[in-house]
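Below is one structure, written out as structure tokens, with a few remarks after it.
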Amino acid sequence: MNNRKVSKERIEQFINQYRNELEGSVIPFWMNHSKDTTHGGYFTCLTREGEVYDTDKFIWLQAREVWQFAKLYNTYEQREEWLEMALHGARFLQKHGADEKGQWYFSLNQQGEPLIQPYNIFSDCFATMAFGQLYKATGDEEYGQLARDTFYSILKRQDNPKGTYNKAYPGTRVLKNFALPMILSNLALEIESLLPQEMIQETLDKIIHEVMEVFYFPEESLVLENVSLDGQFVDCFEGRLMNPGHAIEAMWFMMDLGEKLNRPELIEKAVKITLDTLEYGWDKEHGGIFYFMDLKGHPTQQLEWDQKLWWVHLETLVALLKGYYHTGNEACWEWFEKVHDYAWNHFSDPEHGEWYGYLSREGKVLLPLKGGKWKGCFHVPRGLMYCLQTLERINDRK
């Protein structure tokens with residue numbers, strides 16, 4: 001691996017920048033503003049300054065914040081205030097988060113009363129991640145069993161995740177979506193120590209095949225969001241849909257699996273898809289990565305297609321650094337510096353902390369919020385943490 005072109009001093013500059021942002025800006029923002037000390041759990045609807053503007057609690061964001069603070073405690077530094085922050089959210093989730101079948105609601109009011117039914121399996125996915133990390137932090141078998149039970153429930157529901165809440169008419173145009181196999185590829189690694197090894201191996205083999213063969217179309221070198229049940233392209237809005245951020249995030253999951261399973265060819269393929277997707281999804285006029293695209297260049301259903309979103313850029317930074325670490329591909333580093341400059345110049349808020357979430361195509365802030373229904377304590381701190389840890393691994397090789 002030839003990393004000579006990137007100096008140790010340059011890498012150390014990035015290390016300091018990412019560490020300062022994580023420890024000095026982003027984590028304090030959530031510690032100071034998100035904790036609901038009256039009813040438990042977290043507020044995620046926060047203004048630029050951190051004021052609460054809505055008190056509804058979205059289960060997947062509650063669970064993501066539990067996971068984030070437990071993960072920081074487990075892999076970054078064992079600060080008791082981080083573990084207590086995770087436990088604070090976990091207590092609320094245990095008391096209010098799931099129905100009698102163990103399926104996790106989508107949202108609750110501030111007091112913990114259900115607002116929206118458990119139609120969205122991603123609530124379950126992030127609950128599994130949250131309690132899996134808490135089990136690692138505490139050794140409490142109650143958390144481990146909760147993670148295990150929820151994961152088994154996800155596997156049972158994976159072929160029809162919305163169940164009775166599915167709006168599609170049965171049988172006419174049945175599509176499967178990329179998001180679930182994508183998240184399962186990360187989830188299975190998160191909780192592998194809690195599950196039988198044969199189950200993990202079987203699950204990972206299936207997921208890798210889905211992500212890297214079924215949803216990936218080598219002719220275009222791109223990953224699609226929806227395909228037919230037998231993995232064919234479907235020429236309709238949903239079938240032509242691309243989400244560059246999703247594809248790139250999935251690729252660093254694949255890199256992690258490649259490292260875990262000692263499959264360098266999987267890593268190489270993931271790096272190629274990352275770079276191809278970035279070339280396709282980069283806005284050559286204004287910079288930044290498009291949110292949605294149509295494979296054939298037709299108009300998308302999503303009116304927000306040309307917005308620039310925080311998570312897309314953070315996940316891309318993670319993928320590029322991991323790709324560079326594993327392969328030494330200089331295109332990964334060149335793209336990392338380019339995406340880094342765009343992201344830090346447009347999303348980071350040095351005045352009030354944390355990052356903006358939504359920009360116009362031209363890079364102007366559309367909403368000054370720091371959290372809401374879809375943005376919480378997850379992509380920014382996770383992205384910064386993983387970038388920092390990967391930069392340190394790169395630096396150790398110098």
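- Side chains of Q201 and D205: a donor-acceptor N/O pair is present below 3.5 angstrom, by distance only.
- Put simply, V234 and L224 are part of two different groups of oily side chains (I, L, V, M, F, W, Y) that touch within less than 4.5 Å, one to the next.
- Residues in residues 359-372 take part in these salt bridge (Lys or Arg N to Asp or Glu O under 4.0 Å) pairs, two or more places apart or across chains: D283-R361, E285-R361, D349-K370.
- Hydrophobic clustering of Ile, Leu, Val, Met, Phe, Trp and Tyr side chains at less than 4.5 Å, counting indirect connections, keeps F237 apart from M242.
- Looking only at side-chain heavy atoms (C-beta outward), L189 and K260 come within less than 4.5 Å of each other.
- In this structure, K322 forms a cation-pi arrangement with Y386, its terminal cationic atom sitting closer than 6.0 Å to the ring centre and no more than 45° off the ring axis.
- Note on E142 versus R148: no salt bridge recorded, every NZ/NE/NH1/NH2 to OD/OE distance being 4.0 Å or above.
- The nearest pair of heavy atoms linking V26 to P381 is CG1-CD, 3.8 Å.
- The neighbour count for E202 CD, taken as heavy atoms of other residues, nucleotides or ligands under 6.0 Å away, does not exceed 12.
- Between F126 and W67, the gap from one ring centroid to the other reaches at least 6.0 Å.
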Worked verdict on K373 versus D54 for salt bridge (Lys or Arg N to Asp or Glu O under 4.0 Å): CA-CA 9 Å; K373 183 177 181 179; D54 195 286; over 6 Å; no
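- Donor-acceptor pairing under 3.5 Å is recorded for the side chains of S34 and E65.
- Between Y324 and W333, the angle of the ring planes lies from 30° to 60°, which puts this pair in the tilted group.
- Checking side-chain atoms of Q133 against main-chain N and O of N74 turns up no donor-acceptor pair under 3.5 Å.
- Nearest heavy atoms, L204 versus S185: CD2-O, 4.4 Å.
- K71 forms no cation-pi arrangement with Y76, by the criterion of a distance under 6.0 Å to the ring centre and an angle within 45° of the ring axis.
- Side-chain contact between E77 and L72: absent, with no pair of heavy atoms (C-beta onward) separated by less than 4.5 Å.
- Salt bridge R91/E84: present, at least one basic N to carboxylate O contact under 4.0 Å.
- Aromatic ring orientation, W374 versus F106: tilted (interplanar angle from 30° to 60°).
- A cation-pi arrangement is present between R397 and Y325, with the terminal nitrogen or guanidinium carbon under 6.0 Å from the aromatic centre and inside a 45° cone about the axis.
- Between R10 and the choices E12, K8, Q13, the side chain to side chain contact (heavy atoms under 4.5 Å, CB included) rule is met once, by Q13.
- For the pair E113/L108, no side-chain contact is recorded, criterion being any heavy-atom separation below 4.5 Å from C-beta on.
- A147 approaches G132 most closely through the heavy-atom pair CB-N, 3.6 Å.
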Candidate pair L194 and Y135, rule side chain to side chain contact (heavy atoms under 4.5 Å, CB included), full reasoning: CA-CA 9 Å; L194 291 167; Y135 172 73; 3.4 Å; yes
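- The residues K176 and E225 are annotated as not salt-bridged, no charged nitrogen and carboxylate oxygen being separated by less than 4.0 angstrom.
- H96 and F92 have their aromatic ring centers within a separation under 6.0 angstrom.
- If you run side-chain hydrogen bond (donor to acceptor under 3.5 Å, both in side chains) between Y356 and each of K375, R48, H346, K308, only R48 comes through.
- Across every non-hydrogen atom of N345 and D341, the tightest pair is ND2-O, 2.8 Å.
- Under the 4.0 Å criterion applied to side-chain N and carboxylate O atoms, E190 and K136 are not assigned as salt-bridge partners.
- A salt bridge links E213 with K269: the distance from a Lys NZ or Arg NE/NH1/NH2 to an Asp or Glu carboxylate oxygen falls below 4.0 Å.
- Atom CG of D56 sits about 7.0 Å away from atom SG of C45, to the nearest 0.5 Å.
- The other members of the hydrophobic cluster of V174, by chain and number, are L229 (side-chain heavy atoms under 4.5 Å, ILVMFWY only).
- Shown here for H313 and I289, the closest heavy-atom pair between the two residues is NE2-N, 3.0 Å.
- Follow the hydrophobic side-chain contacts under 4.5 Å out from L175 and you never reach F292; the two are in separate clusters.
- Residues L261 and I208 are in side-chain contact: their nearest non-hydrogen atoms beyond the backbone lie under 4.5 Å apart.
- Two residues are said to be in side-chain contact when any heavy atoms from C-beta on lie closer than 4.5 Å; L384 and L317 fail this criterion.
- With no hydrogens or angles considered, a side-chain donor-acceptor pair links Q110 and D36 at under 3.5 Å.
- A salt bridge (Lys or Arg N to Asp or Glu O under 4.0 Å) check over residues 149-172, counting only residues at least two apart or in different chains, returns the pairs D124-R157.
- Looking only at side-chain heavy atoms (C-beta outward), Q232 and V227 stay at 4.5 Å or farther from each other.
- Ring centroids of F43 and Y53 are separated by 6.0 Å or more, keeping the two rings apart.
- Not a single donor-acceptor pair under 3.5 Å links the side chain of N395 to the backbone N or O of L391.
- Side-chain N/O atoms of E354 and W30 include a donor and acceptor closer than 3.5 Å.
- Note on ring orientation: taking the six-membered ring where Trp is involved, the planes of W311 and H246 are tilted (angle from 30° to 60°).
- Of the possible donor and acceptor atoms, none in the side chain of Y42 sits under 3.5 Å from a partner among the backbone N and O of G376.
- Residues N262 and P264 share a closest heavy-atom pair of O-CD, 3.3 Å.
- Side chains of W355 and E21: a donor on one and an acceptor on the other come within 3.5 Å.
- In this structure, Y18 and H340 have tilted ring planes: the angle between them lies in the 30° to 60° band.
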